[in-house]
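This report refers to the structure that appears directly beneath it.
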Amino acid sequence: MKYEGKNIYSSGEIADLLGFDDYHRVSNYLSKIGAKNVTKKGNTRYYSEKTKETVITYFKALGHKGSGESKKDQLIEELRTQLRTAQKESVDKLAEQKKEYDSKLDEQKESYERLIAAKDDDISNLKDTVSNLRDQQDVANEQIKQLTMVTKQAQSLNLADKSPEQIKMLKGDAETSNEQIDSQQKEDSGTSNEPSRKHWWQRMFSR
């Protein structure tokens, strides 16, 4: 069967490839060498292509009678095969882990770069805002300055349009108004201090 795009085999399937009726011979050997399964479904364990080749190599070596190889030589070859398989699996696993690590590192780098870019944009926008506010303040100050000048000019022109007699009359009216106010205040004060006058019949009866 397939697992992540790769062929995987159960101990029964490996036994079938070897022509064994009893798959326990394969299972026992896999347990003996400590082979790790790729995945598991129910009670069935599945092994990689490399593990399958190791098992087949081992049992085929045992089946070669009359080849002149002793059991010791067969065992040595078996161990060498297992070592090569384990080394390759370790290298492949490390390569896969490095690939995953590099991918995560690239994602973090991109995330940090986006964050830094966003901060730079915020700082730039704040600088633009401050600059615009300063420009608006300068414009407002200039408008106030111009308005003050226009007001002063209008007051000067208003006085210039009046004749000396009108200016004198304005001053006289102001002085007269002030004198009337002072006189009224004095009368009010004197009235409050003088005793009220009595009628002639009140004076007669008061004697």
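Note that the numbering runs from 1 along the sequence shown for the chain.
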Side-chain contact test, heavy atoms from C-beta onward, threshold under 4.5 Å: evaluate it for R114 versus S111 and give yes or no. yes
Heavy-atom neighbours of Y23 OH exceed 12 at 6.0 Å: no
Less than 4.5 Å apart, any side-chain heavy atom of L94 and any of Q97? yes
Shortest non-hydrogen contact between T44 and S10, atoms and distance: CG2-CB, 3.8 Å
Which atom pair, heavy atoms only, marks the closest approach of L18 to I56? CD2-CA, 3.8 Å
Pairwise distance CZ(R25) to OG(S11) - rounded to 0.5 angstrom: 13.0 Å
Say whether Y46 and Y9 are linked into one hydrophobic cluster, either directly or through other cluster members, by side-chain heavy-atom distances under 4.5 angstrom. no
Any side-chain heavy atom of T148 within less than 4.5 Å of one from K145? no
Judged by atom type as modelled, is there a donor-acceptor pair below 3.5 Å linking the side chain of S124 to the main-chain atoms of D120? no
Does atom CG of N132 have more than 12 heavy-atom neighbours, drawn from other residues, nucleotides or ligands, at distances under 6.0 Å? yes
Which one of T54, N37, V55 satisfies the side-chain contact (heavy atoms from CB on, under 4.5 Å) criterion with L30? V55
Do I8 and S48 touch side chain to side chain, with heavy atoms closer than 4.5 Å? no
Nearest 0.5 Å, please: how far is CE in M1 from CD in E13? 8.5 Å
Hey, what do you get for CD (Q108) to CD (E110), rounding to the nearest 0.5 Å? 11.0 Å
T57 and K60: side-chain contact (heavy atoms from CB on, under 4.5 Å), yes or no, with the steps? CA-CA 5 Å; T57 300; K60 282 185 177 181; over 6 Å; no
Of the non-hydrogen atoms in K52 and I14, which two are nearest, and what is the gap between them? CG-CG1, 3.8 Å
Do the side chains of E4 and T39 get nearer than 4.5 Å, heavy atoms only? no
Side-chain heavy atoms of Q82 within contact of T85, under 4.5 Å: no
Can you tell me how the ring of Y58 sits relative to the ring of Y29, calling it parallel under 30°, perpendicular over 60° and tilted otherwise? parallel
Test side-chain contact (heavy atoms from CB on, under 4.5 Å) applied to K50 and K88, step by step: CA-CA 9 Å; K50 297 166 189 177; K88 193 172 188 314; 3.7 Å; yes
At their closest point, which heavy atom of Y47 faces which heavy atom of V38, and how far apart are they? C-CG2, 4.0 Å
State, yes or no, whether a side-chain contact exists between N141 and Q137 at a heavy-atom distance under 4.5 Å. yes
I'd like to check T51 versus E89 (side-chain heavy atoms, cut-off strictly below 4.5 Å). Are they in contact? yes
N-O pairing of K98 and D102 below 4.0 Å: yes
For E96, is there an ion pair with K93 - N to carboxylate O distance below 4.0 angstrom? no
